[in-house]
Amino acid sequence: MSNVTVIDTKRGVRPRAAASDAEVAQRLAALQEKAKGRDPHGILELALKEEFAGKTAVVSSFGAETVVLLKLVADIDPNTPILFLNTGKLFGETLRYRDRLQDVLGLGDVRSLAPSLQARQDKDPDGTLWSRDTDACCDFRKTIPLNKALEPFQAQITGRKRFQTRERADMLPVEYFQDRYRFNPLWQWDLHQLEAFIDRNNLPRHPLVEDGYPSIGCMPCTRRVQAGEDYRAGRWSGLDKDECGIHLTDGGGI
Ligand code: SF4
């Protein structure tokens with residue numbers, strides 16, 4: 001953790017007053033204490049009502065389990081800003097699912113983020129960068145637009161779960177990442193709990209799940225998963241890559 005805010009206008013991060021390491025560590029410890037023993041709804045209330053009211057955004061891929069987090073958020077405040085990365089490489093089904101959930105859950109502030117036209121012309125004029133350098137593609141299509149959109153917020157909420165990847169196995173319900181507090185209300189839930197929640201609340205599912213996609217990202221970097229394969233085996237298949245960069249912990253993604 002640094003007490004110096006990184007100033008990098010190319011990445012969309014503007015200078016702002018940064019808390020010292022000691023202040024951050026003290027507040028993080030207090031937040032973790034308050035989050036102890038709370039269920040996902042309680043952790044969301046901690047962020048959205050108690051500690052960072054009006055200063056929190058949700059980061060959502062509108063992927064396979066997105067509806068669980070969004071339903072929980074909508075029950076507390078349907079006008080919570082939802083940041084959605086429209087990379088230009090998503091499945092059409094995901095875009096339609098976003099529109100459906102916005103309607104069904106009454107989400108009042110869904111913000112679709114995209115790389116600028118200039119960035120696309122400079123970095124990926126023919127749209128094939130994903131086939132040569134996935135890190136560079138994720139960086140300009142996801143990380144940079146998200147950093148810019150998160151600038152006004154002091155906290156973010158993610159739908160990350162411990163079971164999803166090796167890197168996420170040690171995740172805590174509250175973290176501090178890139179000058180911002182990060183809440184992971186579903187951190188301890190497994191697939192069965194997510195499925196049960198969707199069934200209990202009669203929520204619409206992403207149409208690609210029943211077509212063999214248990215985890216859904218961009219179209220060129222997501223494939224169907226075969227029986228017996230890992231849940232995220234279809235993401236960046238064949239590459240040593242689990243995360244796109246937007247969720248990497250300090251030192252070390254949708
Ligand atoms: S997931 Fe693939 S297509 Fe999407 S931004 Fe990353 S590299 Fe590019």
Side-chain angles (χ1 to χ4, degrees), residues 8 10-13 57-67 69-70 82-99 101 110-151 156 158-161 163-168 171 177-178 182 184 206-209 211-226 229-250 252-254:
D8 183 345
K10 282 187 186 155
R11 297 179 69 84
V13 179
V58 176
V59 179
S60 176
S61 65
F62 286 80
E65 304 122 10
T66 284
V67 69
L69 179 65
L70 296 183
I82 312 289
L83 307 183
F84 166 65
L85 285 159
N86 187 355
T87 63
K89 297 289 181 185
L90 298 175
F91 290 91
E93 286 88 342
T94 298
L95 300 177
R96 289 189 287 279
Y97 189 53
R98 171 201 58 188
D99 295 345
L101 291 191
V110 176
R111 305 179 188 184
S112 289
L113 317 177
S116 67
L117 184 59
Q118 190 65 53
R120 278 184 282 149
Q121 286 172 347
D122 290 348
K123 297 177 189 292
D124 196 9
D126 65 357
T128 62
L129 184 59
W130 63 269
S131 65
R132 300 184 300 279
D133 189 340
T134 52
D135 288 343
C137 187
C138 283
D139 190 56
F140 96 91
R141 290 184 185 275
K142 294 181 177 180
T143 308
I144 292 174
L146 182 62
N147 282 345
K148 196 170 178 184
L150 279 171
E151 174 58 25
Q156 65 166 305
T158 84
R160 295 152 71 234
K161 278 81 67 178
F163 79 88
Q164 289 176 308
T165 66
R166 214 172 39 246
E167 287 73 18
R168 297 181 186 183
M171 181 198 318
F177 178 61
Q178 294 184 339
R182 182 165 67 178
N184 308 304
H206 194 299
L208 289 178
V209 172
D211 201 18
Y213 295 85
S215 179
I216 303 158
C218 291
M219 189 163 52
C221 301
T222 307
R223 67 158 172 81
R224 282 189 181 85
V225 169
Q226 307 301 320
E229 280 191 308
D230 180 71
Y231 156 84
R232 275 173 74 97
R235 304 292 298 278
W236 299 289
S237 181
L239 297 176
D240 183 20
K241 182 176 169 76
D242 277 335
E243 304 275 10
C244 62
I246 65 172
H247 289 315
L248 293 175
T249 52
D250 283 341
I254 289 177

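Just follow the structure's listing: the first ligand is 1, and inside any ligand the first atom is 1. Position 1 is the first residue of the sequence; numbering continues from there.
- Only side-chain heavy atoms of Lys142 come within less than 4.0 Å of ligand 1; its backbone N, CA, C and O stay farther off.
- In plain terms, the two heavy atoms of Gly159 and Gln164 that are nearest each other are O-OE1, 4.4 Å.
- Atom 2 (Fe) of ligand 1 has an N, O or S atom of Cys221 inside 2.8 Å of it.
- If you number the atoms of ligand 1 from 1 as listed, the ones under 4.0 Å from a heavy atom of Cys137 come out as 5 (S), 7 (S), 8 (Fe).
- Close approach of ligand 1 to Lys89 is summarised as follows: ligand atoms under 4.0 Å from at least one heavy atom of the residue are 3 (S).
- The closest donor-acceptor contact from the side chain of Thr165 to the backbone of Arg168 lies under 3.5 Å.
- Applying the 4.0 Å criterion to heavy atoms of Cys138 picks out, from ligand 1, the atoms 1 (S), 5 (S), 6 (Fe), 7 (S).
- Residues satisfying the side-chain hydrogen bond (donor to acceptor under 3.5 Å, both in side chains) criterion with Arg120, sequence neighbours excluded, are absent altogether.
- Both tests hold for Arg182 against Phe177: distance to the six-membered ring centre under 6.0 Å, angle to the ring axis within 45°.
- With a 4.5 Å cut-off on side-chain heavy atoms, Phe140 and Asp122 do not count as touching.
- For Asp124, the side-chain hydrogen bond (donor to acceptor under 3.5 Å, both in side chains) partners at least two apart in sequence or on another chain are Arg141.
- Taking each of Cys218, Pro220, Gly127 in turn, the one with a heavy atom nearest to atom 4 (Fe) of ligand 1 proves to be Cys218.
- Ligand 1 places these atoms under 4.0 Å from at least one heavy atom of Trp130: 3 (S), 7 (S), 8 (Fe).
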